[in-house]
Amino acid sequence: MIQKTTLSAYRFILFFSIVFFTKTSTHAQTIVPQQLNFERICAGLIIDGAPFNEYTVTFSYVDFPAGTTFAVELSNDAGSFTTPTATTTIGTPVDDPVLKQQTIKFAVPTNLKGSNVYSLRVKSNTTPAVNSLSFKNLSNSTSFAAYYSTYVSSFFINDKMPTATICAGGSVSLSVYNPTPNDQASSPANYSNLKYKWFKDDVLITGQSGTTLVANATGTYYAQLDYGLCSEDNLSSNRVSVTSSSSGSAVTVTSSLGNPFCASGAGTILTATSGNSYVWRKDGVLISGATSRSYSANESGLYTVEVNFGGCTGTGTIDLKSNSFSASIDAPDEYELKDGETLSVSITTDATTPTYEWYLNNNLISGATTGNYLVAVRGNYKVIISQSSGCISTKEFSFKVTSQSDSNATVIPNIIKLSGLNPYWNIPDVYKNDTTKVLIISSNGDKVLDVVNYQGDWPQSSIEFKNVNPVYYYVIQGDAGEKKGSITVIK
C-alpha cells in the first residue's frame, strides 16, 4: 500500500512538471523571422538617379514587454554573428500589435566589405538580448550575397591606352587608371574596400583581385569591379591588347595637342607605349626627373623615350614642332643710362599680326604699340607680344634701366612733373630695399602708399588737380635712418 501511494505521487509530480514546462515554454520571449522579400543585398546601384539602399525584414515576436525595440543585424563577411555588422534603421518600424508582428526598413553600411555568405537576424534591446534565427532569402537560404557598390561606373586601365607591349619572357603591369588620387570619386582605385576581376581573352584570371595585374602573355585584357553576385558587366574597364616584341622596338610617342602643337599654357602631354619604366631625353639631353609614361612639353625639339618592357627595351621618338611664334629682344637684362642718353629697344618676331604692350614700373605706356621703344628714363620695363590668330599665345620680356646719377644720388626729390620724361617719384637707390618702408600721405591725411622695397612707381593712378598743385607728405624708414618731407605734384 505504501509502495502504491509513492508511485501515484511520483506520477502526479511528473505530470505537473511536464504541464508547467510546456506552458512556460509557450510564453517564452521568441522572435520568429519571416521569409525575406529579396534574394540578395545589392546596395549602392543607381536607381532613379540615386544610390539604392533600402531593405525590409518582417518578424513575429512573443511575450516581450511594451516598449521593446528591435534592431536588424548583419553578420560579418564570413557569415558569423560573433562580430556582427550594424545596420541603420530607416524611419519608424511598422508594428502590428494584433499579430504581434513588426517590419523594419534598414540600410547597410556604405563601406560594407562585400561577401556572398552574409546572414541577417533581429535582436531585441532587452536584458538579456534575444536573437532570432537567421532569415531565409527567396531561395530559402540563410546565406546570401551582400555588397555596397561604392563605385558605379566604367573605368580605365593602362593609362587609358588600348595597347601594351611585352618582350619574350617579359611582362607589363596593367593598373587601374588614377590620375587624380585626391579626388576620390574619380577612380575606383581610391576605394580600398573594392575588389576586381581580371580577364584575359574573356576568361577570368583566378587569384587576381587587386588594382594591378602583371601580364606576361599576349592577349586582350580588361578588369571588372567585383561585387560578387551583384556584379554588372557595365562596371568594366577598357580593353587592352598586349602584343609581343622580340626587340621591344614597338614604341610610339603621341602628343595630346597634336604635332605641331600650340605652345601655350601647360604645353602638350607626350605619352609613350606602356611599359615598366621610362627615361626621357630632349635633343639627346637627359630630362631630369622625367621617368613616367607621360611628359609635359612646351618647347619644340626631338623627344626620345626609352621604355623597359621587362626583359628588353625599346626607343620611341617624336620630332615635336610648335605652331606658336618665336620672339627675341635686343635689350640686356639691366642697363645703366648715362646722363642725356637714350636706349633703343627692338623686338624681332615671326608672329602673325603681332600686338605689343610696353610697361614702365607695371604701368602701361600709352601709345607704345610697336615693336620698337626708345627708353629715356630709368625704371623696370616689360613688353608683352601677342599673336591673336592661329595659335593664340603670348610672350613676355622684361629688363631694368638704371641711371648713372641715381646710384650716387642722396637727395630725395620733392617735385613730380607728370608731363616729364619720368612722371614718378624716384628716390635714391639707397632707400630701395626690402628693409625700408615708404609711406605717403595726402594733405587730407589719407594714406595713399604704404610699401616695403619701393621701386619708384608712384603715382600709378591719376592725380586730381583743383586750384593748386596737390601736396603729399612722405616718411621713409630703414637702415639709412628716417627721412620726412613733402612732394608737390605739377602738370
Side-chain angles (χ1 to χ4, degrees), residues 39-46 51 77 111-118 144-181 184-246 248 250-252 254 271-277 293-294 307-312 314:
E39 180 72 15
R40 60 184 69 93
I41 293 177
C42 295
L45 297 178
I46 304 300
D77 59 305
N111 61 348
L112 183 70
K113 185 178 181 182
S115 167
N116 291 330
V117 292
Y118 273 102
F144 52 85
Y147 289 83
Y148 188 93
S149 301
T150 310
Y151 191 91
V152 190
S153 179
S154 58
F155 57 99
F156 293 97
I157 60 173
N158 194 43
D159 288 342
K160 303 175 71 173
M161 301 300 291
T163 60
T165 304
I166 60 172
C167 307
S171 61
V172 64
S173 295
L174 305 177
S175 299
V176 176
Y177 184 56
N178 187 19
T180 52
Q184 187 179 41
S186 65
S187 170
N190 293 321
Y191 298 88
S192 59
N193 64 315
L194 294 185
K195 295 183 294 184
Y196 301 82
K197 292 187 288 186
W198 289 87
F199 295 83
K200 176 183 177 292
D201 298 328
D202 293 321
V203 177
L204 178 67
I205 304 172
T206 59
Q208 299 295 324
S209 60
T211 57
T212 299
L213 172 75
V214 178
N216 53 19
T218 60
T220 300
Y221 293 81
Y222 70 95
Q224 186 181 88
L225 289 172
D226 185 5
Y227 291 130
L229 297 176
C230 297
S231 298
E232 294 191 358
D233 291 339
N234 63 330
L235 303 181
S236 300
S237 73
N238 58 313
R239 291 175 177 256
V240 177
S241 175
V242 177
T243 57
S244 177
S245 173
S246 58
V251 176
T252 59
T254 59
T271 303
T273 301
S274 178
N276 293 317
S277 62
R293 183 180 176 185
S294 297
V307 182
N308 185 300
F309 294 105
C312 63

(message) Applying side chain to side chain contact (heavy atoms under 4.5 Å, CB included) to Val240 and Leu174, what does each step give before you reach the verdict?
(response) CA-CA 9 Å; Val240 177; Leu174 305 177; 4.3 Å; yes
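- The ring pair (Phe, Tyr, Trp, His ring centres under 6.0 Å) check on Tyr177 picks up nothing, with sequence neighbours excluded.
- For the atom pair Ile157 CD1 and Ser274 OG, the distance stands at 9.5 Å (nearest 0.5 Å).
- Atom CG of Asn216 and atom NZ of Lys200 lie 9.0 Å apart (nearest 0.5 Å).
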(request) Show your working on side chain to side chain contact (heavy atoms under 4.5 Å, CB included) between Phe199 and Gln224 and close with a plain yes or no. (result) CA-CA 8 Å; Phe199 295 83; Gln224 186 181 88; 3.9 Å; yes
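- Residues Thr218 and Thr243 have side chains that never bring a donor and an acceptor to within less than 3.5 angstrom of each other.
- Heavy atoms only, all atoms of each residue included: Tyr221 and Ala215 are closest at CZ-CB, 3.7 Å.
- When all heavy atoms are compared, the tightest approach of Thr271 to Met161 is CG2-SD, 4.3 Å.
- Counting heavy atoms from C-beta on, the side chains of Tyr227 and Leu194 come closer than 4.5 Å.
- Salt-bridge formation is detected for the pair Asp202/Arg239: a Lys NZ or Arg NE/NH1/NH2 atom is positioned less than 4.0 Å from an Asp or Glu carboxylate oxygen.
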(message) Thr252 vs Thr273, test: side chain to side chain donor-acceptor pair (under 3.5 Å). Steps then yes/no.
(response) CA-CA 6 Å; Thr252 59; Thr273 301; 3.2 Å; yes
Atom pairs and distances, donor-acceptor, side-chain atoms in residues 147-156, under 3.5 Å, two or more places apart:
| unit_1 | atom_1 | unit_2 | atom_2 | d |
| --- | --- | --- | --- | --- |
| Tyr147 | OH | Asn116 | OD1 | 3.2 |

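- Atom CG of Asn111 is separated from atom OH of Tyr191 by 12.0 Å, given to the nearest 0.5 angstrom.
- The environment of Lys113 atom NZ is sparse: at most 12 non-hydrogen atoms of other residues, nucleotides or ligands sit within 6.0 angstrom.
- For the atom pair OG (Ser209) and NZ (Lys195), the distance works out to 7.0 Å, reported to the nearest 0.5 Å.
- Residues Thr165 and Ser244 come closest through the heavy atom pair CG2-C, 4.5 Å.
- Closest non-hydrogen pair, Val176 versus Ser187, comes out as CG1-OG, 3.8 Å.
- Between Leu225 and Pro188 the shortest side-chain heavy-atom distance falls below 4.5 Å.
- Atom NZ of residue Lys160 and atom CG of residue Asn238 lie 9.0 Å apart, to the nearest 0.5 angstrom.
- Asn158 CG to Leu213 CG: the interatomic distance, rounded to the nearest 0.5 Å, is 11.0 Å.
- Residues Arg40 and Ala145 approach most closely at CB-O, 3.4 Å, considering heavy atoms.
- Of all heavy-atom pairs spanning Ala272 and Val307, the tightest one is CB-CG2, 4.2 Å.
- When only modelled atom types and interatomic distance are considered, Ser186 and Thr180 share a side-chain donor-acceptor pair under 3.5 Å.
- A donor-acceptor distance shorter than 3.5 angstrom exists from the side chain of Trp198 to the backbone of Gly210, with no hydrogens or angles considered.
- Under the salt bridge (Lys or Arg N to Asp or Glu O under 4.0 Å) criterion, Asp226 pairs with no residue, sequence neighbours left out.
- Each of Asp159, Asn190, Thr211 was scored for a side-chain contact (heavy atoms from CB on, under 4.5 Å) with Asn178, with one residue passing: Asn190.
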